[in-house]
Amino acid sequence: MCSYDKLVLATGSGLALPNAPGVTEYAFDVDQIEQAMRLEAHLKALANQPESRARNTVVVAGGGFTGIETAAEMPARLREILGEQAAVEVIIVDRGSKVGGAMGEQIAETIAQASDALGVTWKLQASVVSVDAGGVTLDSGERLEASTVIWTTGVRAHGLATQIPGERDGLGRLHVDANLKVLGQDDIYATGDVAHAATDDLGNHALMTCQHAIMLGRFSGHNVAADVLGVTPLPYRQPKYVTCLDLGAWGAVYTEGWDRQVKLVREEAKALKTQINTVWIYPPAADRDAAWAAADPLVPIA
Ligand SMILES: Cc1cc2nc3c(=O)[nH]c(=O)nc-3n(C[C@H](O)[C@H](O)[C@H](O)COP(=O)(O)OP(=O)(O)OC[C@H]3O[C@@H](n4cnc5c(N)ncnc54)[C@H](O)[C@@H]3O)c2cc1C
């Protein structure tokens, strides 16, 4: 047991698998490194299975960010493991009525183009209702044979958020004020994926992304220290919103604005995505000056 003067809840989020039959037992996910490694080992072991449609097929449940990025990677990955001539199939099952539709009009067109080029197909207006060792069953009753099912929907804020009295959004995130203090609490801040925080005065809110989590981290650290020292806090503001979605061997797409206007595609966007994934998302070196500089809330992230 350890007491505190001020608490910052920064425990992130995780995939909350649904109760549907077979999901926990048979579906893979990429939420944590351990699960991603389990999927990787399974994919490699497919090479030892006899040729069949199920062996060559990956079903991805959910066509959001994680589902699209995961599916886009799969055709090349499967061919690497099963051979260039393998008749691989990658199918995204999504409840929406349009390919990438939930992402916005412009980016959806790019996602559709990339999906076609990669050979990723979409089952739209469909839900996976059960998973077993040989595939999935959809709500229509249709069956898809697949040895590999990857679940990507249902991210929720960490369970510790439920222990703090306060209003929560549909993702379990705590509502916070402009200084990232939990509404109704004097000494508790929430940040990153556990915070439901306004990014501007136009009604936009932080998403569960590292783009927002990094800035929220800077502001919450600054403000909790300001609180302890009795100095004026800095209200969290992050009006600029960008998206960089990896689209496997096709490249990537970079957008700006909450309506996701496409600014870069293919190799140019991929170079940016590689920079993000290999450099920007990492914490600073274990060096006092570097860490201090990186914690400055006024350093723009995007
Ligand atoms: C597969 C995947 C791909 C993603 N891709 C992107 C992307 O391309 N772009 C993007 O912007 N975002 C992406 N995200 C989202 C991004 O990773 C998160 O929004 C971000 O990591 C949230 O940061 P956080 O600090 O709030 O939480 P986390 O990064 O989850 O950190 C929470 C930390 O708290 C620790 N913790 C948890 N419980 C406790 C406890 N009880 N006590 C002590 N410590 C605890 C955890 O071990 C962890 O280290 C992706 C997420 C996933 C899963």
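When a ligand or atom number is given, it counts from 1 through the structure's own listing order. These numbers come from a predicted model, not from an experiment.
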- Near Ala10, which atoms of ligand 1 are under 4.0 Å from a heavy atom of that residue? 32 (C), 33 (C), 34 (O)

- Identity and distance of the protein heavy atom lying nearest atom 20 (C) of ligand 1: Asp193 OD2, 4.0 Å

- Item | Main-chain N/O of Lys181 paired to Asn179 side chain as donor or acceptor, under 3.5 Å | no

- Message: Can you confirm whether some protein heavy atom lies under 4.0 Å from atom 50 (C) of ligand 1, or whether none does?
- Response: no

- Proximity to ligand 1 by part of Leu160, non-hydrogen separation under 4.0 Å: side chain

- May I ask you to identify, for His158, whether its side chain, its backbone, both or neither come under 4.0 Å of ligand 1 on a heavy-atom basis? side chain

- Per-atom contacts, ligand 1 versus Val30 - under 4.0 Å to a heavy atom: 1 (C)

- Answer with yes or no whether the side chains of His42 and Thr148 bring together a donor and an acceptor at under 3.5 Å. yes

- Just do the side chain to side chain contact (heavy atoms under 4.5 Å, CB included) check on Trp250 and Ile111 with the steps written out, would you? CA-CA 10 Å; Trp250 187 86; Ile111 293 165; over 6 Å; no

- Item | Heavy atom of protein inside 4.0 Å of atom 6 (C) of ligand 1, strictly below | no

- atom 15 (C) of ligand 1 [closest protein heavy-atom partner, distance rounded to 0.1 Å]: Met208 O, 3.7 Å

- Message: Below 4.0 angstrom, counting only protein heavy atoms, does anything approach atom 22 (C) of ligand 1?
- Response: yes

- Query: Where is the nearest protein heavy atom to atom 9 (N) of ligand 1: which residue, which atom, and how far?
  - Reply: Cys210 SG, 3.6 Å

- Task: Heavy atoms only: give me the nearest Ala190-Ala195 pair and the separation to one decimal.
- Result: O-CB, 3.5 Å

- Would you call Val149 and Tyr26 a side-chain contact if the rule is heavy atoms closer than 4.5 Å? no

- Message: Give the atom numbers and elements of ligand 1 that come within less than 4.0 Å of a heavy atom of Gln211.
- Response: 11 (O)

- Query: What about Thr66: any of its N or O atoms under 3.5 Å from an N or O on ligand 1?
  - Reply: no

- Query: Do the rings of His175 and His196 sit parallel, tilted or perpendicular, given the 30° and 60° boundaries?
  - Reply: tilted

- Task: Any atoms of ligand 1 less than 4.0 Å from a non-hydrogen atom of Gly192? List them with their elements.
- Result: 26 (O)

- Any protein heavy atom < 4.0 Å from atom 11 (O) of ligand 1: yes

- Query: Under 4.5 Å between any side-chain heavy atoms of Asp193 and Arg173, yes or no?
  - Reply: no

- Task: Only heavy atoms count here, so choose which of Gly12, Ala252, Ala36, Gly159 is nearest to atom 24 (P) of ligand 1.
- Result: Gly12

- Query: Any protein heavy atom lying closer than 4.0 Å to atom 41 (N) of ligand 1?
  - Reply: yes

- For atom 46 (C) of ligand 1, find the nearest protein heavy atom and state the residue, atom name and distance (0.1 Å precision). Thr11 O, 4.7 Å

- Message: Can you check atom 1 (C) of ligand 1: any protein non-hydrogen atom closer than 4.0 Å?
- Response: yes

- Looking at ligand 1, does Gln32 have a heavy atom less than 4.0 Å from it? no

- Query: Counting heavy atoms not belonging to Lys44, are there more than 12 under 6.0 Å from its NZ?
  - Reply: no

- Side chain, backbone, both or neither: the part of Ala213 lying under 4.0 Å from ligand 1 by heavy atom: side chain

- With heavy atoms only and a cut-off of under 4.0 Å, state how Lys273 meets ligand 1: side chain, backbone, both or neither. side chain

- With a 3.5 Å cut-off and no angle check, do the side chains of Asp259 and Gln261 form a donor-acceptor pair? yes

- Give a yes or no on this: more than 12 heavy atoms of other residues, nucleotides or ligands lie within 6.0 Å of atom CD of Gln85. no

- Query: Going by an N to O cut-off under 4.0 Å, is there a salt bridge joining Asp296 and Arg218?
  - Reply: no

- Query: Does the protein put any heavy atom within less than 4.0 Å of atom 29 (O) of ligand 1?
  - Reply: no

- Item | atom 32 (C) of ligand 1 touched by protein heavy atom at under 4.0 Å | yes

- Heavy-atom neighbours of Asn48 CG exceed 12 at 6.0 Å: yes

- Query: Minimum heavy-atom separation for Ala71 to Val120, with atom names?
  - Reply: O-CG2, 3.7 Å

- Query: Side chains of Arg55 and Ser147: do they bring a donor and an acceptor to under 3.5 Å?
  - Reply: no

